[in-house]
Amino acid sequence: MPTLDSLADLLEDEIKDIYDAEKQLTKALPKLAKKANAQELKKAFEEHLQQTEEHVARLEQVFDQMGLPARGRKCEGMQHLIAEGNDMIAEADDEATRDALMIAAAQKVEHYEIATYGTLRVWANLLGKPEVATLFEDTLEEEKEADSKLTQIAESFVNQRAADAEEEGEEDEEPRPARATSRRRAVAVHGSRGRR
Ligand SMILES: [Fe+2]
Ligand SMILES: [Fe+2]
């Protein structure tokens, strides 16, 4: 285990950490895209997978510029974030609820990345490596965009679901099976109003 005695050591260690984290995400994101019910969310995960692959490539550029081999160090933080998200997703039966849960889990991941790239950018600048700092800045901006995209989707969901619940209350008071209710919600999330 190398010792961390200087900012240069910290920078190197943190780059290895996020390199591994990004690689874990290239495996996790396709699974999220597959499980997402709302098309908009599915698309957001697919698009962020492409960006994540670019983040991996950008980090390889960083390793290259710093004269280091492109080698990661197991990022336990990301490992646990992904595991926690997967456990919760496995327990959510309702499609719209599962989508909301996946957004929450993905945003925790984005915030981890935002914190890391923000730190890396500052450290690289302090250590007189502005070209490397620019690469971190590029990724940082994309992580922030991905995070706000997820916020937008979450907000449109909440509104749609609230509207749907209200409509259901007005339409009839008949009790309906739980399954039918969740299907109606899924339809509302899609934005399709064909059935009504
Ligand atoms: Fe990333
Ligand atoms: Fe990301």
Side-chain angles (χ1 to χ4, degrees), residues 10-66 68-90 92 98-127 129-157:
L10 290 184
L11 177 69
E12 196 181 317
D13 193 67
E14 200 66 15
I15 295 169
K16 288 179 178 168
D17 177 275
I18 195 71
Y19 184 58
D20 181 75
E22 294 280 19
K23 283 188 152 184
Q24 290 185 43
L25 289 170
T26 60
K27 294 185 189 115
L29 279 164
K31 292 178 196 161
L32 287 184
K34 212 172 151 191
K35 282 181 194 153
N37 179 57
Q39 287 310 306
E40 206 186 349
L41 184 58
K42 200 180 269 294
K43 207 173 120 229
F45 286 141
E46 282 164 357
E47 280 172 8
H48 200 54
L49 170 63
Q50 280 180 14
Q51 284 182 317
T52 300
E53 279 160 0
E54 281 166 35
H55 299 169
V56 170
R58 214 173 266 149
L59 285 167
E60 283 163 0
Q61 233 177 302
V62 168
F63 280 117
D64 192 51
Q65 288 190 14
M66 291 180 60
L68 297 167
R71 209 175 298 141
R73 171 182 62 66
K74 179 60 74 197
C75 174
E76 288 187 20
M78 189 57 72
Q79 208 175 8
H80 290 302
L81 280 179
I82 293 172
E84 187 180 73
N86 284 340
D87 286 350
M88 290 174 79
I89 289 162
R98 199 186 315 121
D99 276 359
L101 182 54
M102 279 194 279
I103 291 175
Q107 283 195 289
K108 287 182 190 180
V109 165
E110 290 315 312
H111 282 245
Y112 184 100
E113 291 185 292
I114 288 166
T116 302
Y117 282 107
T119 300
L120 284 171
R121 181 192 54 181
V122 171
W123 287 351
N125 273 323
L126 284 171
L127 290 164
K129 299 179 188 299
E131 307 84 13
V132 172
T134 303
L135 292 170
F136 294 142
E137 171 76 26
D138 291 345
T139 301
L140 179 62
E141 287 313 310
E142 288 175 8
E143 308 291 16
K144 284 182 185 168
E145 279 165 28
D147 181 54
S148 20
K149 176 81 200 167
L150 289 168
T151 299
Q152 269 174 33
I153 298 174
E155 282 173 350
S156 68
F157 262 70

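First listed ligand is number 1; within each ligand, the first listed atom is number 1.
Using a 3.5 Å distance cut-off with no hydrogens or angles, the side chains of Glu113 and His55 do not pair a donor with an acceptor. Side chains of Tyr19 and Glu60: a donor on one and an acceptor on the other come within 3.5 Å.
Put simply, Glu142 stays out of reach of the Fe ion (ligand 2), with no N, O or S atom under 2.8 Å from it. Using a cut-off of 2.8 Å, one finds that Asp147 contributes no N/O/S atom close to the Fe ion (ligand 2). At a cut-off of 2.8 Å, His48 does not coordinate the Fe ion (ligand 1) through any N, O or S atom. Taking 2.8 Å as the criterion, Glu22 does not count as a coordinating residue of the Fe ion (ligand 2), since none of its N, O or S atoms falls below it.
Residue Glu143 approaches the Fe ion (ligand 1) most closely through its N/O/S atom OE2. Considering just the N/O/S atoms of Glu113, the one nearest the Fe ion (ligand 1) carries the name OE2. In terms of distance to the Fe ion (ligand 1), the nearest N, O or S atom of His55 is named ND1.
Gln79 CD: more than 12 foreign heavy atoms inside a 6.0 Å radius.
Between Lys43 and Glu40 there is no salt bridge, since no side-chain nitrogen of the basic residue lies less than 4.0 Å from a carboxylate oxygen of the acidic one. For Lys149 and Glu145, the salt-bridge test fails: no basic side-chain N is under 4.0 Å from an acidic carboxylate O.
Of the residues Glu53, Glu142, Glu110, the one that meets the side chain to side chain contact (heavy atoms under 4.5 Å, CB included) test with His48 is Glu110.
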